[in-house]
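First listed ligand is number 1; within each ligand, the first listed atom is number 1.
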Amino acid sequence: MRTSLLRSMESVRRSGSGSVPGQLLRRSFVFSASTPQRKVAILGAAGGIGQPLSLLMKLNPLVTHLSLYDIAGTPGVAADVSHINTPAEVKGFATEEQLGQALEGADIVIIPAGVPRKPGMTRDDLFNINAGIVKSLCTAIAKYCPHAIVNMISNPVNSTVPIASEVFKKAGTYDEKKLFGVTTLDVVRAKTFYAAKAKVPVAEVNVPVVGGHAGITILPLFSQATPATNALGDEDIKALTKRTQDGGTEVVEAKAGKGSATLSMAYAGAVFADACLKGLNGVPDIVECSFVQSTVTELPFFASKVRLGKNGVEEVLGLGSLSEFEKAGLESLKPELKSSIEKGIKFAQEN
Ligand code: NAD
Ligand code: LMR
């Protein structure tokens with residue numbers, strides 16, 4: 001039984017993160033009897049990202065308890081999602097008084113709470129509102145589920161992750177292995193754009209994306225993309241890099257004032273949370289890019305490939321060999337990323 005479960009887990013792992021919902025549904029038959037109890041809490045569950053992310057997490061058979069919290073409209077979202085005939089037990093929490101209950105016992109807390117961009121704004125323009133939201137939610141996490149893995153989606157990720165780290169340090173609960181800035185959407189975009197340009201099957205594509213999650217701090221490493229191709233010249237790589245860096249803005253402009261990426265982000269958030277769950281459950285060799293505490297560069301936080309395990313980060317992987325173009329990109333991103341990190345730390349220390 002155990003051998004066949006491990007075999008199934010391995011086949012799921014090998015199949016990668018390309019077709020989450022279909023795999024999630026199929027896997028429910030494999031895991032229902034022996035899967036560990038895993039509670040996932042989503043803070044901001046009624047929002048543009050929160051709703052489809054709640055749906056995708058309800059489809060994930062590794063989730064046994066799904067806790068949906070928002071200050072606006074959660075009972076409706078929770079009631080709706082709870083009717084889906086998958087095993088996860090869904091509960092909705094709508095007021096700040098219920099935040100503790102929403103968080104208690106959570107293994108993973110996903111945070112898409114906060115305001116999104118409108119055209120003309122940078123992610124940093126969201127700092128003034130979202131910094132406070134993230135700080136108060138992380139204060140509650142420190143109190144009610146100090147050992148949970150945190151997946152930070154709220155922007156600006158380059159600052160909200162350092163804010164979270166400071167809040168946890170102040171509370172004496174900081175574990176650098178358990179705090180993740182979700183940069184999976186950058187990887188999802190890089191894979192999609194590369195596959196289209198290189199004319200290779202998108203499901204087979206892998207592209208690491210390092211640095212941070214804003215403009216030029218997003219650095220896709222197309223020199224390491226697989227399957228490799230000689231079909232792309234320097235100008236193609238430059239254009240692919242720029243499109244990946246501007247992917248969020250492309251959506252913000254297309255939505256013309258009605259928010260930023262929600263559906264692709266929900267997909268990316270579900271992929272990353274699924275990887276964290278697999279890591280927690282002991283599935284070997286789960287590697288995703290994420291913005292984490294790091295010594296890969298001189299900056300205290302940096303996105304790179306991370307091996308996930310039973311305690312969160314098992315290993316932060318290095319950058320590998322970079323092209324001259326990528327080396328230059330790496331040097332240019334450092335000042336902006338450094339100042340966004342420092343801004344987050346300063347905010348948390350002073351507030
Ligand atoms: P949205 O406005 O549609 O939803 C945000 C939700 O957060 C709302 O339902 C709101 O009620 C809720 N909320 C606000 N304050 C809260 C609090 N204190 N506690 C609980 N819930 C609270 O926004 P959205 O489109 O879902 O985007 C959410 C955030 O995600 C934004 O900051 C956006 O920039 C960011 N984002 C990040 C990425 C990424 O790649 N990391 C991608 C897309 C969007
Ligand atoms: C994205 O990359 O889509 C998000 O960070 C949202 C945004 O503001 O661009």
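At a threshold of 4.0 Å, the pair Lys305-Glu288 does not count as salt-bridged, since none of the basic side-chain nitrogens sits closer than that to a carboxylate oxygen. Note on Arg117 versus Asp125: no salt bridge recorded, every NZ/NE/NH1/NH2 to OD/OE distance being 4.0 Å or above. No salt bridge links Asp234 with Lys238; every basic N to acidic carboxylate O contact stays at or beyond 4.0 Å. No salt bridge links Glu104 with Lys39; every basic N to acidic carboxylate O contact stays at or beyond 4.0 Å. Salt bridge present: Lys346 and Glu350 bring a charged side-chain N and a carboxylate O closer than 4.0 Å.
The shortest N/O to N/O separation between Leu185 and ligand 1 does not fall below 3.5 Å. The shortest N/O to N/O separation between Gly50 and ligand 1 does not fall below 3.5 Å. Taking only nitrogen or oxygen atoms, main chain and side chain alike, Ile153 reaches within less than 3.5 Å of ligand 1. Backbone and side-chain nitrogen or oxygen atoms of Asp70 are examined, and one is located within less than 3.5 angstrom of a nitrogen or oxygen of ligand 1. Residue contacts with ligand 2: Asn155 is placed with a nitrogen or oxygen under 3.5 Å of a nitrogen or oxygen of the ligand (distance criterion only). At under 3.5 Å, a nitrogen or oxygen of His213, whether backbone or side chain, sits near a nitrogen or oxygen of ligand 1. Every N/O-N/O distance between Leu126 and ligand 1 stays at or above 3.5 Å.
Neither the backbone nor the side chain of Thr183 has a heavy atom within less than 4.0 Å of ligand 1. Counting heavy atoms closer than 4.0 Å to ligand 2, residue Met265 contributes nothing at all. Contacts of Thr262 with ligand 1, taken as heavy-atom pairs under 4.0 Å, involve the side chain alone. Under 4.0 angstrom from ligand 1, the non-hydrogen atoms of Leu137 all belong to its side chain. With a 4.0 Å cut-off on non-hydrogen atoms, Leu185 touches ligand 2 through its side chain and not its backbone.
For atom 1 (P) of ligand 1, the nearest protein heavy atom (residue, atom name, distance) is Gly48 N, 3.8 Å. Regarding atom 26 (O) of ligand 1, its nearest protein heavy-atom neighbour is Ile49 N, 2.9 Å. Looking at atom 38 (C) of ligand 1, its nearest protein heavy atom turns out to be Met265 SD, 3.5 Å. When only non-hydrogen protein atoms are considered, atom 3 (O) of ligand 2 lies nearest to Arg189 NH2, 2.7 Å. For atom 43 (C) of ligand 1, the closest non-hydrogen atom on the protein side is Ala261 O, 3.3 Å. In terms of protein heavy atoms, atom 8 (O) of ligand 2 is closest to Arg117 NE, 2.6 Å. Looking at atom 33 (C) of ligand 1, its nearest protein heavy atom turns out to be Asn155 ND2, 3.8 Å. Taking atom 5 (O) of ligand 2 as the reference point, the nearest protein heavy-atom neighbour is His213 NE2, 2.6 Å. Nearest protein neighbour of atom 31 (C) of ligand 1, counting heavy atoms only, is Val115 O, 3.2 Å. Protein heavy atom closest to atom 18 (N) of ligand 1, with residue, atom name and distance, is Ile133 CG2, 3.6 Å. Distance from atom 19 (N) of ligand 1 to its nearest protein heavy atom, with residue and atom name: Tyr69 CE2, 3.5 Å.
Taking 4.5 Å as the limit, some side-chain heavy atom of Val182 sits within range of a side-chain heavy atom of Met265.
Residues Tyr69 and Glu96 bring no donor and acceptor atom of their side chains to less than 3.5 Å of each other. Looking only at atom types and distance, the side chain of Thr86 has a donor-acceptor partner in the side chain of Lys58 under 3.5 Å away. With no hydrogens or angles considered, no side-chain donor-acceptor pair links Asp175 and His147 at under 3.5 Å.
Taking a 6.0 Å sphere around NZ of Lys169, one finds it holds more than 12 heavy atoms contributed by other residues, nucleotides or ligands.
Aromatic ring centres of Phe127 and Phe347: separated by under 6.0 Å. Taking the six-membered ring for Trp, Phe272 and Phe180 have ring centres closer than 6.0 Å.
A donor-acceptor pair under 3.5 Å links the side-chain atoms of Asp70 to the main chain of Ala46, judged by distance alone. Under the 3.5 Å distance criterion, the side-chain polar atoms of Thr226 are left unmatched by any main-chain donor or acceptor of Ala228. Listed for the Asn351 side chain is no donor-acceptor partner under 3.5 Å among the backbone atoms of Ala348.
Heavy-atom separations between Pro112 and ligand 1 include at least one value shorter than 4.0 Å.
Those atoms of ligand 1 that come under 4.0 Å of a heavy atom in Asn130, given as number and element, are 32 (O).
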